[in-house]
Amino acid sequence: MLSEPATDLINKLPADCEIPRHIGIVMDGNGRWAEQRGLSRFDGHLEGRKTAQRVVEACASLGVEVLSLYAFSVQNWQRPTPEVEGLMDLIETALREELQALVANDVRFVASGRRQELPRSLQRILNEVEQETAGNQGLTLNLLVNYGGRTEIVDAARNIAEQVAAGDIFPADIDERLFANYLYTPDLPDPDLVIRPGGEMRVSNFLLWEIAYAELVVMPVLWPDFTTDHLIDAIKEYNTRERRFGRLPAGDD
Ligand code: FPP
């Protein structure tokens, strides 16, 4: 699966460069990429799948701990049925075809979103890939399918409310730490860096709770044209940012 030797990629970064623990990517621009070429939107998604593979490989070789990829949002059901069905098939096929490569490369796969609303065959493969890769120790690939940031928060609130109603939690016990434990992936660190190719300056319901302090890098390149060099550039940009988490700049306190 690894197409670019790990050393070549890491050598593109300064020695003192910090690799973000968790990178989130809003994979945007597949439709525009296809339209610019007179192709169908689905052709754009097919090309976007290839980019996703490249980026998974690159993040694994750079030592990124978690990569979250936004593949299908709860809002995406509003697209024309052929596009929605095409995306469901594409995600299912990609996971079937990539399972062995994920295992071979020590990638742990997790899926986030309301999977009970997805086609049965897709639910099955999501569960299967999660189970087959559960013991892997390398990159964690978090694939967001039928995901919405607000939906995730509502689901957490509902589960907490049920626990309160059952008398297992007192309202006064609810704080940020407890709440975060009811999100879809409580074991993952929050994203440090969110990359948005396609040029749009918005977060589009992506990991709303978890990106509270993430650094956002918006790039004009459309997702099918996104290369490992764009990933390297985004990590370099991340390294220019001073992460303050609400504190004063270093030296001012
Ligand atoms: C947004 O581009 C992209 C999507 C809604 C789909 C992204 C999904 C993939 C690339 C499949 C990846 C699969 C795996 C298993 C990793 P857009 O259509 O909104 O583009 P536009 O803004 O140019 O219209």
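One-based numbering, in listed order, for ligands and for the atoms of each.
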May I ask you to decide whether Lys236 forms a salt bridge with Glu18, counting only side-chain N to carboxylate O separations under 4.0 Å? no
Which ligand 1 atoms are under 4.0 Å away from a heavy-atom of Ala52? 16 (C)
Do Arg96 and Glu92 sit within salt-bridge range, that is, some charged N less than 4.0 Å from a carboxylate O? yes
Do Arg241 and Glu237 meet the salt-bridge criterion of a basic N to acidic O distance under 4.0 Å? yes
Considering only protein heavy atoms, which is closest to atom 18 (O) of ligand 1, and at what distance to one decimal place? Arg41 NH2, 2.7 Å
The atoms of ligand 1 lying under 4.0 Å from a heavy atom of Leu87, numbered in the order shown, are 6 (C)
Atom 12 (C) of ligand 1: nearest protein contact (heavy atom, Å): Met27 CE, 4.0 Å
Below 3.5 Å, N or O to N or O, backbone or side chain included: is there any such pair between Leu95 and ligand 1? no
Please indicate whether any nitrogen or oxygen in Arg32 is less than 3.5 Å from any nitrogen or oxygen in ligand 1. yes
What about Asn30: any of its N or O atoms under 3.5 Å from an N or O on ligand 1? yes
Gln53 touching ligand 1 at heavy-atom level, < 4.0 angstrom: no
Using a strict cut-off of 4.0 Å, indicate which atoms of ligand 1 neighbour a heavy atom of Ala94. 15 (C)
Aromatic Trp77 / basic Arg79 pairing, under 6.0 angstrom, 45° off normal: no
Which atoms of ligand 1 are found less than 4.0 Å from any heavy atom of Ala71? 6 (C), 7 (C), 8 (C)
Nearest neighbour in protein (non-hydrogen) for atom 11 (C) of ligand 1: Leu90 CD2, 4.2 Å
Are Glu35 and Arg32 ion-paired here, with the side-chain N under 4.0 Å from a carboxylate O? no
Side chains of Leu143 and Ser112: closer than 4.5 Å at any heavy-atom pair? no
With a 4.0 Å cut-off, would you call Arg21 and Asp190 a salt bridge? no
For ligand 1, which atoms sit closer than 4.0 Å to a heavy atom of Arg79? 5 (C), 17 (P), 18 (O), 19 (O)
Whether over 12 other heavy atoms sit under 6.0 Å from Arg243 CZ: yes
Among Tyr147, Tyr182, Trp209, exactly one meets side chain to side chain donor-acceptor pair (under 3.5 Å) together with Glu152. Which residue is that? Tyr147
Test your reading of the structure: does Gly31 have an N or O sitting under 3.5 Å from an N or O of ligand 1? yes
Please list the nearest protein heavy atom to atom 4 (C) of ligand 1 with its residue and the distance rounded to 0.1 Å. His45 CE1, 3.8 Å
Does a donor on one side chain sit under 3.5 Å from an acceptor on the other, for Thr51 and Arg54? yes
Basic-acidic side-chain contact under 4.0 Å: Glu97, Arg49: yes
Can you sort out which atoms of ligand 1 are near Asn76, meaning under 4.0 Å from one of its heavy atoms? 5 (C)
Do me a favour and list the nearest non-hydrogen protein atom to atom 22 (O) of ligand 1 with residue, atom name and distance? Asp28 OD1, 2.9 Å
Nearest neighbour in protein (non-hydrogen) for atom 13 (C) of ligand 1: Ile91 CG1, 4.3 Å
Out of curiosity, is Gly198 lining ligand 1, as in a heavy atom under 4.0 Å away? no
among protein heavy atoms, the one nearest atom 14 (C) of ligand 1 is Leu143 CD1, 4.3 Å
